[in-house]
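Working notes, structure below.
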Amino acid sequence: MDNREFLNRMKHEILDYLPEQYQDAEVFLMKIRKNNDVMLDALAIRNKGERVIPQIYLKEWYEMYQNGMEMEEILKEIAQVYLSRTPKEADSVSDLLMDYHKAKEFLGLKLVNKESNQKMLKGMICRDMENTDLTAVLCLCYQMEKEFHTSILIPEDMLSEWGIDRDTLYQEALQNTIKKNPVVINNVIDIILYNDKEMIEAYQPDDFYMQPYEQYVLTNKEKVDGATVLLYPDVLEQLAKNADSSFYILPSSIHEVILLLDNHDINAEELQNIVISVNREGVAAEEVLSNEVYRYDKKEHTLSMATNRIQTESLLKRLSVIPSETLPDMEMEREE
């Protein structure tokens with residue numbers, strides 16, 4: 001069964017796995033624009049009298065089908081997912097958009113690549129991250145039942161609708177994001193050694209000391225949209241102060257970044273080969289953050305791109321004809 005046939009079966013059979021009150025619901029397939037202009041297939045079910053229309057992305061379910069999961073089991077699980085996806089705090093997104101006092105507690109930020117998301121960001125409230133190719137986009141973020149999260153980007157015209165200025169809205173969203181999803185940092189070695197997440201010790205930047213030739217994962221508590229912690233005030237400065245060193249930042253994905261002290265024995269171009277290789281081979285297209293490498297300067301207290309776009313475009317063209325096996329390994333040996 002190819003993807004088209006899979007989607008059609010989803011559309012025509014899902015109601016058979018839902019309770020009786022859903023038998024007259026409208027089922028339809030949608031193409032939804034995600035990060036980096038990636039279009040994903042989603043299943044939507046509109047039941048009578050309900051204003052919230054949950055959307056279930058089907059990419060991972062199709063992959064599970066390809067890996068041998070029975071179609072009937074997939075339909076059962078999707079039905080359970082649908083039934084659990086009810087916002088806890090609001091009847092509908094429209095309610096939030098109409099009332100700033102309701103929306104305020106759901107404000108949040110997501111960090112994305114500006115160049116790769118021009119269509120998605122058009123008309124939305126954003127703030128560029130200075131000296132980088134990244135931008136912070138404001139959104140309404142709320143948790144659904146169990147582990148599910150969703151977010152809605154906030155259009156520019158909501159500023160006048162809510163009667164609030166851009167800077168105030170940004171600060172509200174930033175403080176919400178920090179409070180709900182605090183920053184954590186882990187040693188990459190710990191992540192590799194321990195499969196059990198509970199055994200991986202998570203540190204806070206205030207009392208964490210990066211060591212030479214070690215790699216660290218900087219993210220948030222939920223490990224979702226964790227690259228957004230780059231926006232948190234004083235985090236990078238504190239890490240640089242504790243280590244008494246500048247450091248490189250490798251954009252692993254929208255969910256996390258990798259930190260590496262700048263010991264002057266590896267340059268940004270070498271690191272960029274690693275970033276691009278991982279983006280091509282190990283990161284879903286909708287989860288790529290950037291092909292650039294960043295550097296936090298301890299003396300200047302600034303974050304900026306350590307690579308530039310012209311060189312990046314040239315490198316991407318060259319690597320497109322080089323087998324990935326020839327690209328440099330992530331592991332680096334310490335020079336004595």
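The residues of the chain are indexed from 1 along the displayed sequence.
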Shortest non-hydrogen contact from [X] to [Y]?
X: S290; Y: N279; answer: O-ND2, 2.9 Å
X: A306; Y: E269; answer: O-OE2, 4.4 Å
X: Y62; Y: M1; answer: OH-O, 3.2 Å
X: C141; Y: G108; answer: SG-CA, 4.0 Å
X: A227; Y: L111; answer: O-CD2, 3.4 Å
X: P251; Y: L289; answer: CB-CD2, 3.8 Å

Is the shortest heavy-atom distance from the side chain of [X] to the side chain of [Y] under 4.5 Å?
X: Q215; Y: L259; value: no
X: H301; Y: L236; value: no
X: F247; Y: N263; value: no
X: V257; Y: L230; value: yes
X: I78; Y: L58; value: yes
X: I125; Y: L159; value: yes
X: Y170; Y: D165; value: no
X: I74; Y: F6; value: yes

Between [Y] and [X], is there a side-chain donor-acceptor contact under 3.5 Å, judged purely by atom types and distance?
X: D262; Y: S246; value: no
X: E115; Y: Q118; value: yes
X: N220; Y: D225; value: no
X: E287; Y: S253; value: no
X: D128; Y: T135; value: yes
X: Q272; Y: T312; value: yes
X: E172; Y: N176; value: no
X: N308; Y: Q311; value: yes
X: E292; Y: T132; value: no
X: Y213; Y: D265; value: yes

With distance as the sole test, does [X] use its side chain to make a donor-acceptor pair with the main-chain N or O of [Y] at under 3.5 Å?
X: N35; Y: E286; answer: yes
X: N131; Y: T302; answer: no
X: D244; Y: A240; answer: no
X: N117; Y: M120; answer: no
X: S277; Y: N273; answer: no
X: D41; Y: L29; answer: no
X: N242; Y: P205; answer: yes
X: E214; Y: Q211; answer: no
X: S116; Y: N113; answer: no
X: T307; Y: V293; answer: yes

What distance separates [X] [atom1] from [Y] [atom2], expressed to the nearest 0.5 Å?
X: L109; Y: Q175; atom1: CG; atom2: CD; answer: 10.0 Å
X: N3; Y: E5; atom1: CG; atom2: CD; answer: 10.0 Å
X: K102; Y: M98; atom1: NZ; atom2: CE; answer: 8.5 Å
X: L18; Y: Q23; atom1: CG; atom2: CD; answer: 7.0 Å
X: L40; Y: Q55; atom1: CG; atom2: CD; answer: 11.0 Å
X: L140; Y: M158; atom1: CG; atom2: CE; answer: 8.0 Å

Checklist outcome for this item: Partner of C126 under side chain to side chain contact (heavy atoms under 4.5 Å, CB included), picked from L153, V137, L138, is V137
Next on the checklist: Here's a test for you: under side chain to side chain contact (heavy atoms under 4.5 Å, CB included), which of D234, L261, L218 qualifies with L239?
Outcome noted: L218
Does [X] share a hydrophobic cluster with [Y], counting links as ILVMFWY side-chain heavy atoms below 4.5 Å and allowing steps through other members?
X: M71; Y: Y82; value: yes
X: I154; Y: V112; value: no
X: I164; Y: M124; value: no
X: L121; Y: I152; value: no
X: L107; Y: M129; value: yes

Determine whether more than 12 heavy atoms belonging to other residues, nucleotides or ligands lie under 6.0 Å from atom [atom1] of [X].
X: E130; atom1: CD; answer: no
X: Y65; atom1: OH; answer: no
X: E156; atom1: CD; answer: yes
X: E60; atom1: CD; answer: no
X: K114; atom1: NZ; answer: no
X: E70; atom1: CD; answer: no

Item to check | Intermediate values then yes/no, side chain to side chain contact (heavy atoms under 4.5 Å, CB included), W61 and M10 | outcome: CA-CA 10 Å; W61 295 101; M10 284 290 114; 5.9 Å; no
Next on the checklist: side chain to side chain contact (heavy atoms under 4.5 Å, CB included), that's the test. Do V184 and T219 meet it? Break it down for me.
Outcome noted: CA-CA 6 Å; V184 294; T219 183; 3.7 Å; yes
Next on the checklist: Quick one, L75 with E77, criterion side chain to side chain contact (heavy atoms under 4.5 Å, CB included). Give me CA distance, side-chain angles, the key distance, then yes/no.
Outcome noted: CA-CA 5 Å; L75 284 160; E77 292 199 14; over 6 Å; no
Item to check | Test side chain to side chain contact (heavy atoms under 4.5 Å, CB included) applied to Y17 and Q80, step by step | outcome: CA-CA 9 Å; Y17 295 82; Q80 290 304 310; over 6 Å; no
Item to check | With Y294 via ring-ring contact (aromatic ring centres under 6.0 Å, His included) - residues at least two apart | outcome: none
Checklist entry - Taking the six-membered ring for Trp, are the ring centroids of Y216 and Y203 within less than 6.0 Å of each other? => result no
